[in-house]
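In what follows, a structure is listed as C-alpha cells, so that the remarks can point back to it.
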Amino acid sequence: MSSSDNAWQEEQLRVEYVGDQIESRITSLEQEVGVVRDDVVKMRKDYWDEVTVNFGEEDDVGETSTSLRQQSQVLSERERSHLHTSAALGKLKRLRQSPYFGRIDFAEEGQEAECIYLGIASLMEEGDETFLVYDWRAPISNLYYDSVPGPTSYSTPSGTIQGNLTLKRQFVIQGRKIKVMFDTGVTIGDELLQQVLSRSSDAQMRSIVATIQREQNRIIRDDRSRMLIVQGAAGSGKTSAALQRVAYLLYKHREHLRADQMILFSPNPMFNSYVSTVLPELGEENMRQTTFQEYLEHRLGREFQLEDPFLQIEYVLSGEEDEHYASRINGIRYKSSSIYLDAINRYKELLEKEGMQFKPLRFQGKEFVSAERIKDKFYSFDSAIRLANRCELLKDWLLKELATFAVGELELPWVEEQIQLLDIDDFQKAYQRLRRKQQQGKADSFGEYEQERDILAKMIVSDRLKPLRKWVKGLRFVDVTNLYAQMFRNPDLMSEISPVGLPEDWQEISLQTLQKLGEGELFYEDATPFLYLKELILGFRSNTDIRHVIIDEAQDYSPFQLFFLKRLFPRARMTALGDLNQAIYAHASVLQQSTVLSDLYGEDESELITLHQSYRSTREIVELTKGMIHGGESIIPFNRAGEKPEIRIVSDNEALNARIQDDIESLRAEGYETIAVICKTAAESLGAFEILSPELPVKLIKKTTLSFEKGIHIIPAYLAKGVEFDAVLIYDGSNLKYTREAERKLFYTACTRAMHLLHIYSIGEPSRFILEADPLTYVRC
C-alpha cells in the first residue's frame, strides 16, 4: 500500500470516528431537547398554579409579586436552556454530512506540529478540551486560506503566533465518506474549486467556505476599516464573501454584536430570498434585509406615490421617443450628484435666515393661525438655534395657541348642537367626571347642569381638535413639499445655492419636477433629496442600533444616497460591494470615483479591495464578456472549460421565439436546471412570456417577485443582477436593441449571469458590443 493510500485510510478512520462522536452527541442532545421542551410546555401550562395570588393586604400584594417574579425567572431559564441546546443540536446536524473540509499541520515555534481540522463549526472531544474540528473563522484557520507550507504566522487577540506550516490538505466528505482528498501548496486547490463551480446553480446561494480564496479572505476578515469598498468583476464572489464576512464578524464579536444589528441593502426583494440560507448554513441568524426603495416607501409612501428604480430604468431604456427625455436624464444625473447635495445643504443655511414655508392652522374651514404668523414666530426665535429645534419650539407654541382656541369654541352654537346629538353613554361619562371632581373638591354641588354641560362641551371640542393636535405634534405645519418645490420655482434661488452651475435645461427639469409634485408623486431621483431636506429641517431619524451596513450592488447607488445612509446609521461600519461595469442606472455611480466612498469616512478609515478573478462563468464565457467592456482586459477567468458562447442570427420575431423554444426543450433534456431568458425590459419580458408560456413551464420574474426558484425564468436584465443561471439565453441581442453606449453595461450584466452556457439571439445584425469583442471568443450560427 502506498503512502498516499495509507494517508487516505487514516483520514477515513478519523472521519468515521468524528462521525460517531457527532451521532452520539446528536442522540444525547435530542433527548435533552425533548425533556427541556416538555418542561417548558408544562411550566407554561401550569404557570398560574405555581403562583400564590393574594391582593387582600399590602403584604400579600408583595408576596404575590415575588411569586410571579420567581416563577417567571424559572421559566425564562428553562427557555434559554432549550434555545441553547437546540442551537447546539443544529450545529451538530450541519456537521453530520461533512464534519470538515480542510486540514493544516502547524508547528508553533519550539513545539511539535499540531493537526488542525477546519469545518463550518467547532467540535470538541466529549469530556475533553481537545478540538476535533476548528471553526473556519477561528484565528488559526486563517492559515488555511492565506498561507502556503513553510514559515508563517497568524494573529490572535493576544498577539502574533510564529511557526511553520508543514501540511495543507483538502477534503470533500459526503455521508462520512471521503470523496476527494489532496495536498496542496497553493491557497485553495483548483481541483476542489472546479468541482464546486461545475455544479448546477441553486435556487439559493450556497455557502462554500471550503473554497474561500485569499483575496476573498481579506474581505471576510477585515476588521479595521470603517468603510470597506469591494470592486469586483462579475462572478468574483463579492456577495458570498460579504455574507461570510457577516458570519465572521458575528463569531469574532459575539459578546457584543447581534445579527439584528447588521443590515443588508440588496438590489431587489428576490435577491433577499436568494441569499437567505447562507448565514443559517453557517450557524448564524439572518441579519436584517431590505432594499433602499423599501426604506424610502416606509418614510415617504404616505405622502407621495414614489417611482421606484425599476420604473426609472424602464424609462431610461425605452423612453427615447419622449420629447422630454434628454432633460429627464440630465435631471437624474444632477439630482443624484454631490453637487445637488451641497446645494441642499446651502439651502438649509439660507432657510435659517429666511424663506421657511408653513401651512396655516384651520378648523372647520376657519383659519385661526395664519402661515405668515407662524413664519414670524419661527424667525423670532434665536437664530443660533437649529432649524429642527426651532420647529419643536414652534410646535409647543402652536399647541398653546390651539388650547386657547379650544376655550373660545366652547360657547359657540355648533357645540350646543353637538351636545343635543350625544347619546346616553356620553352623558354618563360627563356625569362620572363631575362626580370625581366633586369628590376631589374641584367642583361644588351647585349648578350641576352647567358643570355637566361644560364637561360635555370640552369633550366635544377636544375630540374634534384631536386630529389637528396630532397634525401639529407631527410637525405637519412645516410645508416641506413647498420648500422643496421652491428650489424649482425660483431660478435665482438655485443659482445662489448651486454655484457650480445648473444643467442647461434646468427650466425643463424644474417643470417636470413641479408637475410630479403637484400630482402627489416623486421621481426616484427626487426621493432621497426630498427626504434629506425634510430631515435637515425637522430633525434626523438616525438608527444608532445598527453597527454594520452591507450594500450590495453599490454601483447602483448615487453619491447622494450613500451620504444619506451614512447619516442614517451614524454608528455603523459599512461594506460596499459592486462592479462599475454593471452600473446600469443613468446617475453617476459612487464607484466611478473611489474618492466618493473613501471621503465618507476618510481615507485612513477606508479600504479598497479589487477582485479581478471571475469564478461564476466558464473561461469561454468570460473571454467573450470581458471583451464587451472598457478595461475588461483586467478580468481573469478561472480555468474552467466549457462551450464557446453562440450568436444565433434569426430573421424575425417568429423565428426568434421558435428557436428559443426548441433550444429550451433541448437544454431541459440535457439536464440544465436553471435557464434564464434575459430580456432588455419588463415590457419585452412580458411579451416573451405570453408567447412562450403556452408551450413551456416558464416563470415571469417581475420587480415584485419575492422568491427565486429553479426552472425557466423570463427576466429583465436589471432584475437578474446578483443571481446566476446554468444557461442564459439573451432574448434579442441585436444592434437595434443594444447599441447605445448607455446600454453597454446592461448587456454585459445580462451575459455574465451564465454559469455554463450562453446563447445570444439576434434579429439581424448582432449588438456592436459583441462585434467589438474578439471574434475567436464566440461562434456565429
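In what follows, every heavy atom counts, from backbone to side chain, and hydrogens, waters and symmetry copies are set aside.
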Chi angles and distances behind the side-chain contact (heavy atoms from CB on, under 4.5 Å) call for Lys702, Phe689: CA-CA 11 Å; Lys702 298 183 275 190; Phe689 175 77; over 6 Å; no
- prompt: Any donor-acceptor pair under 3.5 Å linking the side chain of Ser767 with the backbone of Gly733?
  reply: no
message: So for atom CZ, which belongs to Arg668, do other residues, nucleotides or ligands contribute more than 12 heavy atoms lying within a distance under 6.0 Å?
response: no
task: Could you please spell out the steps behind the side-chain contact (heavy atoms from CB on, under 4.5 Å) verdict for Gln613 and Gln213?
output: CA-CA 10 Å; Gln613 183 107 41; Gln213 302 296 289; over 6 Å; no
- prompt: Is a donor on one side and an acceptor on the other found under 3.5 Å between the side chain of Thr681 and the backbone of Glu314?
  reply: no
query: If only atom types and distance count, is the side chain of Lys680 paired as donor or acceptor with the main-chain N or O of Lys737 below 3.5 Å?
result: yes
- prompt: What closest approach, in Å, do Glu508 and His324 show between heavy atoms, and which atom pair accounts for it?
  reply: OE2-ND1, 2.8 Å
statement: dist Asn735:CG -> Ile763:CD1 (nearest 0.5 Å) comes out at 13.0 Å
message: Donor-acceptor pair, distance only, cut-off 3.5 Å: does the side chain of Lys238 make one with the backbone of Gly578?
response: no
query: Does any N or O in the side chain of Thr625 come within less than 3.5 Å of the main-chain N or O of Val622, such that one atom is a donor and the other an acceptor?
result: yes
message: Side chains of Ile263 and Met287, heavy atoms from C-beta outward: is any pair under 4.5 Å?
response: no
field: Check: Gln170 and Phe101 side chains under 4.5 Å, non-hydrogen atoms
entry: no
field: CD/Glu285: more than 12 non-hydrogen atoms of other groups inside 6.0 Å
entry: no
message: Strictly below 4.0 Å, N to O, side chains only: are Glu765 and Arg780 in salt-bridge contact?
response: yes
query: Side chains of Ser240 and Val278: closer than 4.5 Å at any heavy-atom pair?
result: no
query: Is there a donor-acceptor contact under 3.5 Å from the side chain of Asn286 to the main chain of Ser276?
result: yes
query: To the nearest 0.5 Å, how far apart are CD1 in Ile647 and CD1 in Ile770?
result: 4.0 Å
Name each donor-acceptor pair under 3.5 Å that joins a side chain in residues 630-638 to protein atoms two or more places apart or in another chain, with its distance.
residue: His630; atom: NE2; partner: Glu741; partner atom: OE2; Å: 3.3
residue: Ser634; atom: OG; partner: Gly631; partner atom: O; Å: 3.1

task: Applying side-chain contact (heavy atoms from CB on, under 4.5 Å), run through Thr752 and Asn581 and close with a yes or a no.
output: CA-CA 11 Å; Thr752 55; Asn581 291 318; over 6 Å; no
message: Any non-hydrogen side-chain atom of Tyr274 less than 4.5 Å from a side-chain atom of Glu724?
response: yes
field: Any donor-acceptor N/O pair, Ser266 side chain to Thr290 backbone, under 3.5 Å
entry: yes
Minimum-distance pair of heavy atoms, taken over all atoms of Ser336 and Ser558: O-CB, 3.2 Å
field: Under 3.5 Å: donor-acceptor pair, side chain of Glu521, backbone of Gln305
entry: no
- prompt: So, do Ile332 and Gln312 sit near enough that their side-chain heavy atoms are less than 4.5 Å apart?
  reply: yes
field: Euclidean distance, Leu300 CG relative to Tyr295 OH, rounded to 0.5 Å
entry: 8.5 Å
- prompt: If you round to the nearest 0.5 Å, how far is CG of Leu580 from CD of Gln231?
  reply: 6.0 Å
task: Give the C-alpha distance, both sets of side-chain angles, the deciding distance and a yes or no for side-chain contact (heavy atoms from CB on, under 4.5 Å) between Leu611 and Ile219.
output: CA-CA 10 Å; Leu611 304 177; Ile219 298 167; 3.7 Å; yes
message: Under 4.0 Å between a side-chain nitrogen and a carboxylate oxygen: does that hold for Arg744 and Glu772?
response: yes
query: Is Asn330 close to Arg333 at the side-chain level, that is, under 4.5 Å between some pair of heavy atoms?
result: yes
message: Contact between Leu311 and Lys703 at the side-chain level, heavy atoms closer than 4.5 Å - yes or no?
response: yes
task: Assert yes or no for the condition that the ring centre distance of Phe292 to Tyr524 is strictly below 6.0 Å.
output: no
- prompt: Considering all heavy atoms of both residues, which atom of Ile173 and which atom of Pro99 are nearest to each other, and what is their separation?
  reply: CG2-CD, 4.0 Å
query: Are Phe725 and Phe708 near enough that their ring centres are under 6.0 Å apart?
result: yes
field: Listed once per pair and sorted, the side chain to side chain donor-acceptor pair (under 3.5 Å) pairs that draw on residues 653-663, sequence neighbours left out
entry: Arg648-Asp663, Asn657-Tyr731, Asp663-Tyr761
query: Do Met755 and Thr674 have side-chain heavy atoms sitting under 4.5 Å apart?
result: no
task: Taking all heavy atoms of Ile678 and all of Ala717, pick out the closest pair and write down the distance.
output: CG2-CA, 3.7 Å
- prompt: Say you draw a straight line from CZ of Arg616 to OG of Ser236; how long is it, rounded to the nearest 0.5 Å?
  reply: 8.0 Å
- request: Please work out whether the ring planes of Tyr100 and Phe171 are parallel, tilted or perpendicular, with thresholds of 30° and 60°.
  value: perpendicular
query: Can you tell me how far CD of Glu284 sits from CD1 of Ile120, rounded to the nearest 0.5 angstrom?
result: 10.5 Å
message: Please verify the inter-ring angle class for Tyr738 with Phe747; under 30° counts as parallel, over 60° as perpendicular, anything in between as tilted.
response: tilted
query: With distance as the sole test, does Gln12 use its side chain to make a donor-acceptor pair with the main-chain N or O of Ile178 at under 3.5 Å?
result: yes
- prompt: Where do Cys751 and Ile760 come nearest, in terms of heavy atoms and distance?
  reply: SG-CD1, 3.9 Å
query: Tyr325 side chain to Val316 main-chain N or O, any donor-acceptor pair under 3.5 Å?
result: yes
field: SB check Arg328 Glu307 (cutoff 4.0 Å)
entry: yes
- request: Looking only at non-hydrogen atoms, find the nearest pair between Ala242 and Ile550 and report the distance.
  value: CB-CG2, 4.1 Å
query: In terms of heavy-atom contacts, does NZ of Lys644 have more than 12 from other residues, nucleotides or ligands at under 6.0 Å?
result: yes
